[in-house]
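Proteins come first, then strands; the chains are lettered A, B, ... in the order of their sequence lines, and each starts at number 1.
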Number of protein chains: 2
Amino acid sequence: MAYRQTPAVEARLQDNRGRILAAARTLVSEGGWQEAQVASVAAAAGMATGTVYRYFPSKAELFADVLSAVSQREVDVLAAIATSDEPAATRLHSAVATFVRRAMRNPRLAYALIAEPCDKEIDAARLVYRAAVSNVVRTIVASGQAAHEMRDDVAPDLAASVIVGGFMEGLIGPLSPLNPRHPPGSGDSRRKVHSLAHDIARLACASVAPVSRARPLQERRSR
Amino acid sequence: MAYRQTPAVEARLQDNRGRILAAARTLVSEGGWQEAQVASVAAAAGMATGTVYRYFPSKAELFADVLSAVSQREVDVLAAIATSDEPAATRLHSAVATFVRRAMRNPRLAYALIAEPCDKEIDAARLVYRAAVSNVVRTIVASGQAAHEMRDDVAPDLAASVIVGGFMEGLIGPLSPLNPRHPPGSGDSRRKVHSLAHDIARLACASVAPVSRARPLQERRSR
DNA sequence: CGAAGAAATGAATTACGATTCATATCATCG
DNA sequence: CGATGATATGAATCGTAATTCATTTCTTCG
């Protein structure tokens, strides 16, 4: 017996893993999924291709981990908002607007993670993320309904799905074209981002606003 | 010169093209994208693999055409509703509910075309479809705003994106799991489908309902 | 019928990047 | 140092369908 893992080594291994994740994240955020190749990641992390496979069993798992790391942070932010003691509508507005604003801080990355066409396996990982976000929103809606601050004639899961789908789709347009890139540092005219966030959040809130008894139900129509 | 295209031949060619599209559509609607292989399509259409390439330049274009054919029908249906002379809210409700109901008639196909992870190239074609649907919805919203029947403090494009993203996401859950399959013919308890459609449509309508002056803006909370 | 060109065939080729693995290098410790 | 096992390397391999193309079969018309 001439080997037992040293803390120094363990640290290096840990660090390598982090470097791989960071490199992968950077590549995606710069070139989208097109650049997301295992060999490129390895090169960017300063190691050989095969080494990546000592840390991740497959490309799909590697990028699923990237997705999950980035996403978990967002979910945490939303969860914090969701559990604050504001009224439900306020929390919903804040959650949606915050999500939008944060996404707009790195549009290329957000676009890649949310909407850009990518490998089937990676795409599948998005479902988990969406479900997590949807779950936080469901929490808000459910509490709003319990407090009679939100319409309670729709299941909270359904309302949450619709809201999440709505604000994500609303984001895609502004994120996607990768239009005239703004000089780095200006992010995107603060004003525009802010008002986009506000608009999307208003739409989200409106969909579950309490039905005023005064204003008769909109659609009479059946088909 | 000993050849000039005969109408009979032209008809056969045309027919072949149709058979390929039909076979492709059937395969997707039965097995999702997993079954969507050029060789399978050829076999299902009763011809050799290479023949498919005499009609379509690539797999991606073939399936993009399938997508576009199916989608165009839906867009047409929506467009008809959009141009009826009902109030805007009625049209919106009807458009959304109709879309949902129709999608639920063939959940497997709808799921594949709307949400199932698939090839990058095919996924890209979905954007075109979504844009077309969104465009119809935009029309409705814009007219509703013009008639002061819908809130006009959001750009119609944005509202349309949010609405479309919302109802599509709301659909995915019910479509996706491919849960306990219902015996063919029952489609899915009519009642359930109908109420799902109604619920989703209500959420969509609510997001652009006019802001009642009485009830102060959403995130302020009335009291 | 048969020449000429069109269309169909399907086995073989290709493309492409993920994944492997024999080899080299590094870390530990007696 | 040198033995032992861990870790890293990166060129070679693999897997999977899409795509091609030399050959065959069908159509047209003199």
Enquirer: Using a strict threshold of under 4.0 Å (side-chain N to carboxylate O), is an ion pair present between A:Arg17 and A:Asp65?
Expert: yes
Enquirer: Measure from CZ on B:Arg19 to P on C:dA7 and round the result to the nearest Å.
Expert: 16 Å
Enquirer: Does the distance from a Lys or Arg side-chain N to an Asp or Glu carboxylate O, for B:Glu116 and B:Arg108, drop under 4.0 Å?
Expert: yes
Enquirer: Report the distance from atom CG of B:Asp119 to atom P of C:dC16, rounded to the nearest whole Å.
Expert: 15 Å
Enquirer: Measure from OH on A:Tyr53 to C1' on C:dT20 and round the result to the nearest Å.
Expert: 9 Å
Enquirer: Between atom CD in B:Glu121 and atom C1' in C:dC16, what is the gap in whole Å?
Expert: 12 Å
Enquirer: Please report the distance, rounded to the nearest Å, between NZ in B:Lys120 and C1' in C:dC16.
Expert: 11 Å
Enquirer: Taking only nitrogen or oxygen atoms into account, show me every contact under 3.5 Å that the protein makes with nucleotides 8-11 of chain D, one pair per line with its distance.
Expert:
unit_1 : atom_1 : unit_2  : atom_2 : d
D:dA8  : OP1    : A:Arg12 : NH1    : 3.1
D:dA8  : OP1    : A:Asn16 : ND2    : 2.9
D:dA8  : OP1    : A:Tyr55 : OH     : 3.2
D:dA8  : OP2    : A:Arg54 : NE     : 3.4
D:dA8  : OP2    : A:Tyr55 : OH     : 3.2
D:dT9  : OP2    : A:Ala48 : N      : 2.9
D:dT9  : OP2    : A:Thr51 : OG1    : 2.5
D:dG10 : N7     : A:Gly50 : N      : 3.1

Enquirer: Whole angstroms only, please: what is the NZ-P distance between A:Lys59 and C:dT19?
Expert: 8 Å
Enquirer: Applying side-chain contact (heavy atoms from CB on, under 4.5 Å), name anything that partners A:Val77, two or more places apart in sequence or on another chain.
Expert: A:Ile81, A:Thr98, A:Arg102
Enquirer: In terms of side-chain heavy atoms, does B:Ser143 have a donor or acceptor partner in B:Arg91 at a distance below 3.5 Å?
Expert: yes
Enquirer: Tell me, please, which residues at least two apart from B:Arg73 pass side-chain hydrogen bond (donor to acceptor under 3.5 Å, both in side chains).
Expert: none
Enquirer: Provide, to the nearest angstrom, the distance between the CD atom belonging to B:Gln37 and the P atom belonging to D:dT19.
Expert: 12 Å
Enquirer: Between A:Glu35 (CD) and C:dG17 (P), how many Å, whole number?
Expert: 11 Å
Enquirer: Below 4.0 angstrom, N of the basic side chain to O of the carboxylate: do A:Asp123 and A:Arg126 qualify?
Expert: yes
